[in-house]
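Order of appearance sets the numbers: ligands from 1, and atoms from 1 within every ligand.
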Amino acid sequence: MPTLSRWCVRAALVYLVGGMAMGSWMLVHDAVRGFTPGPPWPSLHAHVLLMGFLLMLVIGVAYWMFPRVQGRRPGREGGWIAFGLINAGLLLRLLAEPQTTGADPATAWRVLLGVAAVLPALGALAFAVTIIPRVRAALSPEEARRLRAAHAARQAGEES
Ligand code: HEM
């Protein structure tokens, strides 16, 4: 497994445990006090699990398993940029959103929340640019069938 994928999976597992713990805390809060915590916790819980766990896992596995281009995995730098931007955006959001939920939040926190909103989108762009050549390298079912048939014919020729 490439190092980038290993780090994506590690991060995904941290977000999985953290996001589930946040969900458990909200449900326990409901059981004990009769209501779930309000904003920003449900939305943070959802983003930690969907963007942190699911997206990190998908990116890590895609970079690892998608078809190679001439035997190599191009776009390692773009993958690391995507990893950095998505994680920075999510962690910054985890810090800034609780500070901006109350009345009259400090301008600095609002600016940071705005930055946190943009970073993951740039990360998504970096990932898309990184992975497109690997998608293009994938054979269509028809191409794969033709290649297998040619390979089988070559082998039959060598054996006769
Ligand atoms: C230990 C497991 C989990 C627990 C205890 C849990 C608990 C909760 C609770 C208490 C809420 C808030 C409901 C409300 O607003 O009244 C919630 C919302 C939500 N959860 Fe979970 N959850 C868990 C796992 C997950 C997973 C695995 C996902 C997705 C991968 C997920 C996605 C969401 C989403 C999308 C919301 C709605 C957020 C919103 O209203 O903004 N949860 N969860």
Subject >> Distance, nearest 0.5 Å, that separates SG of Cys8 from CH2 of Trp80 >> reply: 7.0 Å
Original post:
Looking at side-chain heavy atoms only, is the closest gap between Asn87 and Trp7 below 4.5 Å?
Top reply: no
Measure from [atom] to every heavy atom in [options] and give the option owning the shortest one.
{"atom": "atom 25 (C) of ligand 1", "options": "Leu27, Thr36, Leu50, Leu49", "result": "Leu49"}
{"atom": "atom 6 (C) of ligand 1", "options": "Gly52, Gly23, Ala21, Pro37", "result": "Gly23"}
{"atom": "atom 10 (C) of ligand 1", "options": "His45, Met26, Met22, Met20", "result": "Met26"}

Subject >> atom 39 (C) of ligand 1: the protein heavy-atom neighbour that sits closest, reported with distance to 0.1 Å >> reply: Pro42 CB, 3.7 Å
Original post:
Do the charged groups of Arg154 and Glu158 touch, with an N to O distance under 4.0 Å?
Top reply: no
Subject >> SB check Glu142 Arg145 (cutoff 4.0 Å) >> reply: yes
Original post:
Short list, please: which atoms of ligand 1 are under 4.0 Å from a heavy atom of Ala46?
Top reply: 34 (C), 35 (C), 38 (C)
Original post:
For ligand 1, which atoms, with element, lie under 4.0 Å from some heavy atom of Ser24?
Top reply: 1 (C), 5 (C)
Original post:
Within the distance-only criterion (no hydrogens, no angle test), does the side chain of His47 pair as donor or acceptor with the backbone N or O of Ser43 below 3.5 angstrom?
Top reply: yes
**OP:** Would you confirm whether Glu143, through its side chain, and Ser140, through its main-chain N or O, come within 3.5 Å as a donor-acceptor pair?
**Re:** yes
**OP:** Using protein heavy atoms only, decide if any is under 4.0 Å from atom 37 (C) of ligand 1.
**Re:** no
**OP:** Determine if the distance from atom 13 (C) of ligand 1 to the closest protein heavy atom is below 4.0 Å.
**Re:** no
